[in-house]
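What follows is a short report on a single structure.
Nothing fancy with the numbering, it's 1 onward along the sequence. What you see is a predicted model, and the numbers here were worked out from it, not measured in a lab.
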Amino acid sequence: MMFQRQPLTVAILAASLGLVACNSNDHDTPISTSTPTATTTVTVTPSLGKILSGRVVLRDAKTGVDLAPPKTLTPADNGVATFTVPVAKLAAPIIAAVLPTTAGKLEYADEALEKATTITVPVEDANKPVLRAAASVTPNANIGVTALTESAVQQAEKAAGGLIAQNINQANAAVKNQLKLNFDVTQAPIVIGVGEFDKLVNAA
């Protein structure tokens, strides 16, 4: 009788081992645990009057590396550029800059002359910013770029260490205090196009 039980025992063991092997194979398939990189929007609102034609870039203030592809502004953009960037890239201060088009043209609505005006630079200088703003920003920020912010950037560049958070914050505050303003200089302005002065009345 003992010899008769052995084949059955062997068969049961073999079947059990087979099931264990199958279950092991099921778990060999890797399960993806990666999550999408968290992103946010950063809006840049430049003003010499509303920008009608030009480019806007968003860069790491210290390294100069672009955080997102440049945006080309046209009249349809209403003077505003919106970027989608990884949240992690906002850990360091950023530079928002207005550049001419690749043809060296920057067109804007001149508020004093009440007409569209064009700044023209040599094509080889098309990647040199016309206006910049530097700031430490949070997700969904809206950064203004004006002559005031350009002045602050130039001050920060001259300080020891250059465009680091401390220098940028101090320069932005210095321009605000020097002009006795009651708002931060990087606050997004109301962009005014030709014939749009009613926006200022409504805002007031």
Q. Is it true that atom NZ of Lys105 has more than 12 heavy atoms of other residues, nucleotides or ligands lying nearer than 6.0 Å?
A. no

Q) For Lys128, what residues pass the salt bridge (charged side-chain N to carboxylate O under 4.0 Å, His left out) criterion, not counting sequence neighbours? A) Asp125

Q. Ignoring hydrogens and geometry, is there a side-chain-to-backbone donor-acceptor pair from Asp60 to Lys62 under 3.5 Å?
A. yes

Q) Sub-3.5 Å donor-acceptor pair from the side chain of Asp184 to the main-chain atoms of Thr186, do we have one? A) yes

**Q.** Verify same cluster id: Ile94, Val130 (apolar side-chain graph, 4.5 Å)
**A.** yes

Q: State yes or no: do Val185 and Ile168 share one hydrophobic cluster built from I, L, V, M, F, W and Y residues joined by side-chain heavy-atom distances below 4.5 Å, directly or via other members?
A: no

Q: Decide whether Leu67 and Val98 are clustered together by the hydrophobic rule: side chain heavy atoms of Ile, Leu, Val, Met, Phe, Trp, Tyr closer than 4.5 Å, transitively.
A: yes

Q. Among Thr146, Leu148, Thr149, which residue meets the side-chain contact (heavy atoms from CB on, under 4.5 Å) test with Pro189?
A. Thr146

Q: Evaluate side-chain contact (heavy atoms from CB on, under 4.5 Å) for Leu73 paired with Val56, printing each intermediate quantity in order.
A: CA-CA 7 Å; Leu73 290 183; Val56 179; 3.7 Å; yes

**Q.** CA sep, side-chain torsions, deciding dist, call: Val80, Thr82, side-chain contact (heavy atoms from CB on, under 4.5 Å)
**A.** CA-CA 7 Å; Val80 174; Thr82 300; 4.2 Å; yes

Q | Reference residue Arg55; test side-chain hydrogen bond (donor to acceptor under 3.5 Å, both in side chains); the match among Thr101, Thr72, Asn127, Thr102 | A | Asn127

Q) Pick from Val191, Ile143, Ile51: which one makes a side-chain contact (heavy atoms from CB on, under 4.5 Å) with Thr45? A) Val191

Q) Going hydrophobic residue to hydrophobic residue with side-chain gaps under 4.5 angstrom, can you get from Val44 over to Val137? A) yes

Q | Lys/Arg-Asp/Glu bridge criterion (N-O < 4.0 Å) met for Arg132, Glu157 | A | yes

Q: Would you check, one step at a time, whether the test side-chain contact (heavy atoms from CB on, under 4.5 Å) holds for Tyr108 with Thr117?
A: CA-CA 5 Å; Tyr108 67 97; Thr117 302; 3.9 Å; yes

Q | Contacts of Ala174 that satisfy side chain to side chain contact (heavy atoms under 4.5 Å, CB included) - sequence neighbours left out | A | Gln155, Gln178

